[in-house]
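Labels below follow one simple rule: chain letters A, B, ... track the order of the sequence lines, proteins then strands, and each chain is numbered from 1. Values below: every heavy atom of this structure, side chains too, minus hydrogens, waters and symmetry copies.
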Amino acid sequence: MVVFNTLSRVKEVFVPLNSPFVGMYVCGPTVYGDAHLGHARAAITFDLIFRYLKHLDYKVRYVRNITDVGHLENDADEGEDKIGLKARLESLEPMEVVQYYTVRYHRNMDQLNVLRPSIEPHASGHIIEQIEMIKKILDAGYAYEVNGSIYFDVEKYNRKHHYGILSGRKIEDLISNTRELAGQAEKRNGFDFAIWKRADESHIMRWPSPWSDGFPGWHMECSAMGCKYLGEQFDIHGGGMDLLFPHHESEIAQSMVANGKAPVRYWLHNNMITLNGQKMGKSLGNAMSLDDIFNGNHPLLEKAYSPMTIRFFILQAQYRSTLDFSNEALQAADKGMKKLFAAMEKLKQLKTDSNAPSLGIHEIEKACYDAMNDDFNSPMVIAGLFEAVRVINSQKAAEGSIQPAEFDVLNNLLQNFVIDILGLKSEEVAGDHELVDGLMQTIIQLRQEARGRKDYATSDLIRIKLGELHIDLKDGKEGTNWQKR
RNA sequence: GGUUUCGUGGCCGAGUGGUUAGGCAGCGGUCUGCAAAACCGUGUACAGCGGUUCGAAUCCGCUCGAAACCUCCA
């Protein structure tokens with residue numbers, strides 16, 4: 001298996017530090033607003049990786065943090081904490097905001113069938129670990145204190161190491177390009193970053209420390225919690241490409257100084273979802289919340305799209321490519337996914353015969369594994385699955401049969417890839433499946449009798465009325481099937 | 001300005017030095033009371049211009065265009 005490592009910018013063979021154990025850390029959400037499509041992409045990308053590694057029998061510890069402190073709202077490390085700001089605006093206790101949006105985030109992720117990580121640590125629950133790490137950085141001489149705040153000395157760090165190793169930046173460029181911003185007086189250099197920040201009187205999220213009552217800098221939490229749960233060095237660190245610099249770059253610098261070694265072997269970054277070619281982002285005001293999409297409540301949406309449609313849509317692109325949002329693309333994904341699930345149902349009806357000719361199922365299976373082993377190429381997996389769909393449908397249409405051994409391979413292939421690895425699930429019927437199906441069979445039978453009498457007015461009426469309830473009837477050679485649209 | 005990417009047929013989106021990605025839409029046919037589904041068939045696609053090569057959409061150079069990051073962001 002090869003993975004694209006942002007650090008080297010090439011695909012590298014994936015070798016865990018302590019096989020069969022794999023440690024994976026992924027930057028989770030800052031819980032101060034509803035999750036949007038971008039959150040879905042990051043979560044689904046690393047859910048895919050988590051699921052596939054487990055499928056390969058790796059023992060994965062997957063840590064995804066909840067950022068509930070230390071994220072500064074404005075420029076230059078001088079702003080207000082994001083959670084604190086929201087809390088003041090809504091007259092809530094900060095932890096109330098955190099709880100509210102964490103619950104909503106979890107609900108959205110459940111809807112998307114994203115597995116919960118092994119550990120989901122909160123930054124606010126690891127202030128002590130962060131303070132300890134800051135002490136190490138201070139002791140090593142790579143940070144300095146000004147008025148109770150501690151800043152990381154990037155310039156000094158860069159003399160021995162390379163600040164920019166991940167993002168490909170050079171410190172000279174940073175010097176010449178760092179914007180002149182107000183309130184940077186405390187820093188020796190504009191690109192130094194706060195690792196502890198003194199809180200002024202108005203700041204309601206604060207903890208005691210040896211230096212001041214304050215709060216940790218944003219980059220500290222991931223360094224501290226990654227180290228705590230996965231060790232000083234672990235296999236995979238993931239997140240959105242927009243976190244590459246300065247967040248991940250700074251994480252590396254902090255850990256290098258505190259632990260004396262690079263924290264991460266493989267850095268994986270998912271690309272952005274775009275809207276009209278532009279990044280969909282909270283700060284750009286063009287982000288669609290997942291609830292909006294699931295409910296169809298957005299001026300740009302022609303209709304509501306189900307969580308599984310969104311999941312399939314995201315998996316149809318490779319995680320390192322930008323993915324362009326459009327109604328047309330979403331509707332195409334919706335139709336394609338339904339076709340896939342319909343074929344999986346049809347497979348059950350396929351006749352087996354040990355004398356049947358081979359249908360090349362093993363080749364399809366191999367193609368799916370090859371695709372996943374090549375940097376988690378889910379679109380190629382899906383292409384392979386549609387090969388399987390074509391085989392199933394054409395055999396069904398020709399009333400052909402399949403070798404029992406190939407049937408098993410095909411069945412396992414679909415189960416493994418569609419359900420377990422891609423994490424898709426059929427959304428056909430919610431609720432009382434048996435009751436609904438029983439009712440439908442009765443209706444279908446009555447309609448069948450009408451058709452037998454050539455009473456097409458009645459049979460069409462039944463189909464039209466069911467259509468209004470988003471139920472499609474499909475007459476085939478062996479009777480009528482129904483499907484929820 | 002710097003860093004990093006990208007530009008594929010109507011749409012989304014893989015891939016790659018020589019053989020059909022795939023999905024959706026379209027067109028023709030089969031099937032059907034009709035419809036839908038399904039099946040079969042169907043597309044002079046790789047921004048432009050040069051270069052390397054027996055051969056490039058794939059490698060190199062230039063041009064044009066777009067994006068992300070350089071400030072919080074998945």
Side-chain angles (χ1 to χ4, degrees), chain A residues 6 9 26-30 32-33 35-46 71-77 79 82 164 167-170 172-174 176-179 181 191 218 238-247 249 269-274 277-284 287 312-313 316-318 320-340 342-343 346 367 371 374 377-387 389-390 392-398 451 454 456 459-460 463-464 467 472-477 480-481 483:
Chain A
T6 308
R9 297 186 191 283
V26 174
C27 290
T30 305
Y32 69 110
H36 56 75
L37 258 189
H39 293 102
R41 187 167 202 196
I44 288 169
T45 294
F46 292 101
H71 224 155
L72 296 160
E73 180 66 36
N74 298 317
D75 293 337
D77 292 351
K82 272 190 172 162
S167 55
R169 281 159 220 270
K170 298 188 199 75
E172 304 85 69
D173 300 331
L174 290 172
S176 58
N177 286 310
T178 301
R179 296 200 313 189
L181 295 163
F191 46 76
W218 172 36
M241 270 185 187
D242 47 356
L243 299 177
L244 221 151
F245 188 92
H247 184 52
E249 194 72 62
H269 290 94
N270 64 277
N271 214 319
M272 304 292 105
I273 288 183
T274 57
Q278 254 214 338
K279 173 184 170 181
M280 196 180 277
K282 212 168 173 55
S283 51
L284 295 166
F312 191 79
F313 168 68
Q316 267 190 313
Q318 211 271 350
R320 286 190 292 114
S321 302
T322 55
L323 171 59
D324 201 46
F325 170 92
S326 70
N327 281 284
E328 220 178 341
L330 245 27
Q331 279 160 31
D334 186 46
K335 282 202 166 188
M337 185 179 65
K338 287 193 167 131
K339 183 174 170 179
L340 178 60
K346 268 191 216 167
D374 185 9
N377 197 322
S378 52
M380 277 188 72
V381 170
I382 290 171
L385 293 173
F386 275 107
E387 273 299 298
V389 167
R390 190 184 53 74
I392 293 168
N393 284 335
S394 58
Q395 285 309 108
K396 189 77 175 62
R451 292 178 74 205
K454 295 203 192 294
Y456 295 124
S459 70
D460 286 351
R463 191 169 61 200
I464 289 163
D472 290 330
L473 293 183
K474 288 158 192 171
D475 299 326
K477 281 203 176 82
T480 302
N481 285 312
Q483 192 176 41

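For the pair A:K82 NZ and B:A74 C1', the interatomic distance rounds to 11 Å; values are reported in whole Å. The NE2-C1' distance, from A:H247 to B:U3, rounds to 19 Å in whole Å. The distance between atom CD of A:E387 and atom C1' of B:U20, rounded to the nearest whole Å, is 10 Å. Whole-Å rounding puts the A:D475 CG to B:U32 P distance at 12 Å. Rounded to whole angstrom, the span from the CD atom of A:Q395 across to the C1' atom of B:C40 amounts to 14 Å.
Checked against B:A14, B:G23, B:A74, the side chain of A:N377 finds its nearest nucleotide in B:A14. Of the candidate nucleotides B:C39, B:G33, B:G22, B:G22 has the atom lying nearest to any side-chain atom of A:Q316. When the nucleotides B:A74, B:G33, B:C40 are ranked by their closest atom to the side chain of A:T30, B:A74 comes out on top. Comparing B:G23, B:G13, B:A38 by their closest approach to the side chain of A:L323 singles out B:G13. Here the side chain of A:M380 is nearest to one of B:C39, B:A14, B:A68, namely B:A14. Taking only side-chain atoms of A:K474, from C-beta outward, the nucleotide of B:A14, B:A36, B:A74 with the closest atom is B:A36. Taking every side-chain heavy atom of A:A332 into account, B:C24 is the closest of B:C24, B:A74, B:C72. Nearest nucleotide to the A:A42 side chain, out of B:A14, B:A74, B:C34: B:A74. Of the candidate nucleotides B:C70, B:C39, B:C72, B:C70 has the atom nearest to the side chain of A:F245. Listed nucleotides: B:A14, B:C40, B:C24. Nearest to the side chain of A:P379: B:A14.
Atom NZ of A:K339 is separated from atom CG of A:N393 by 7.0 Å, given to the nearest 0.5 angstrom. Taking NZ of A:K82 as the reference point, atom OG1 of A:T30 lies at 5.5 Å (rounded to 0.5 Å). For the atom pair CZ of A:F313 and CG of A:D324, the computed distance is 7.5 Å after rounding to the nearest 0.5 Å. The structure places CD of A:Q395 at 10.0 Å from CD1 of A:I392, a figure rounded to the nearest 0.5 Å. Summarising the geometry, atom CD belonging to A:Q318 is positioned 10.5 Å from atom CE belonging to A:M380; distances are rounded to the nearest 0.5 Å.
Residue A:K338 places no side-chain N or O under 4.0 Å from the OP1 or OP2 atom of B:A37. Taking side-chain N and O atoms only, A:K335 has a distance below 4.0 Å to OP1 or OP2 of B:A25. Taking side-chain N and O atoms only, A:K346 has no distance below 4.0 Å to OP1 or OP2 of B:A37.
For A:D334 against B:C24, a side-chain-to-base donor-acceptor contact under 3.5 Å is absent. Applying the 3.5 Å distance criterion, the base of B:G13 shares no donor-acceptor pair with the side chain of A:D324. Within 3.5 Å, a donor on the side chain of A:R169 pairs with an acceptor on the base of B:C69, or the reverse. Taking only distance into account, the side chain of A:R463 meets the base of B:C34 through a donor-acceptor pair shorter than 3.5 Å.
Each of A:G28 and A:K170 lies near RNA chain B, and the nucleotide nearest A:K170 is the one positioned closer to the 5' end. Residues A:D460 and A:A329 both approach RNA chain B. Their nearest nucleotides, taken by heavy-atom distance, put A:A329 toward the 5′ side.
For the C1' atom pair drawn from B:G26 and B:C12, the interatomic distance equals 16 Å after rounding to whole Å. B:G13 and B:C6 have their C1' atoms separated by 14 Å, with the value rounded to a whole Å. Here the separation of B:G22 from B:C64, taken at their P atoms, is 36 Å to the nearest Å. Rounded to a whole angstrom, the distance from the P atom of B:G41 to that of B:C34 is 24 Å. If you take atom P in B:G43 and the same atom in B:G50, they sit 29 Å apart, rounded to whole Å. B:C24 and B:U63 have their P atoms separated by 42 Å, given to the nearest Å. Taking the C1' atoms as reference points, B:G9 lies 29 Å from B:U4, given to the whole Å. One P atom belongs to B:A36, the other to B:U30, and the distance between them is 15 Å to the nearest Å.
In this structure, A:L244 reaches neither bases nor backbone, as no heavy-atom distance under 4.0 Å exists between it and the strands shown. No engagement by A:K454 is indicated, since no non-hydrogen atom pair under 4.0 Å with the nucleic acid exists. Across all strands shown, A:T274 has no heavy atoms under 4.0 Å from either base or sugar-phosphate atoms. Across all strands, A:L340 comes closer than 4.0 Å to no nucleic acid atom at all (heavy-atom distances). Within the 4.0 angstrom heavy-atom criterion, base atoms lie near A:N271. A:R9 comes within contact range of the sugar-phosphate backbone alone, with a heavy-atom separation under 4.0 Å but no base atom that close. Within the nucleic acid shown, A:L473 comes within 4.0 Å of at least one base atom, counting heavy atoms only. Looking at heavy-atom distances under 4.0 Å, A:N270 makes contact with a base. Heavy atoms of A:G336 sit under 4.0 angstrom from primed sugar atoms or phosphate atoms, though from no base atom. Looking at heavy-atom distances under 4.0 Å, A:K396 makes no contact with the nucleic acid at all. Residue A:M241 is classed as having no contact, given no heavy-atom separation below 4.0 Å to the nucleic acid. Within 4.0 Å of A:S321, counting heavy atoms only, lie sugar-phosphate atoms of the nucleic acid but no base atom. Residue contacts for A:H36: at a heavy-atom cut-off of 4.0 Å it reaches a base atom on one of the strands shown. Residue-level contact check: A:A383 touches the bases, meaning some heavy atom is under 4.0 Å from a base atom.
In terms of the side chain to side chain donor-acceptor pair (under 3.5 Å) criterion, residue partners of A:D242 (sequence neighbours excluded) are, by chain and number, A:K279. Not counting sequence neighbours, A:T322 has no partner by the side chain to side chain donor-acceptor pair (under 3.5 Å) test.
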Query raised in the report: Given A:V389 and A:K346, is the side chain to side chain contact (heavy atoms under 4.5 Å, CB included) satisfied, shown in steps?
Result: CA-CA 9 Å; A:V389 167; A:K346 268 191 216 167; over 6 Å; no
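Summarising the base pairing, B:C69 is matched to B:G2 through a Watson-Crick or G-U wobble pair whose two defining distances lie under 3.5 Å. Summarising the base pairing, B:A47 is matched to B:U63 through a Watson-Crick or G-U wobble pair whose two defining distances lie under 3.5 Å. With a cut-off of 3.5 Å on both pairing distances, the Watson-Crick or G-U wobble partner of B:G22 is B:C12. Taking a pair to require two hydrogen-bonding distances under 3.5 Å in either a Watson-Crick or a G-U wobble arrangement, B:A37 remains unpaired.
Distance alone, capped at 3.5 Å, places no donor-acceptor pair between the A:Q316 side chain and the A:A333 backbone.
Residue ring and base: A:F386 does not count as stacked with B:G23 (centre distance below 5.5 Å and interplanar angle below 30° not both satisfied).
Put simply, the side chain of A:R463 does not reach to within 4.5 Å of the side chain of A:T480, judged on heavy atoms.
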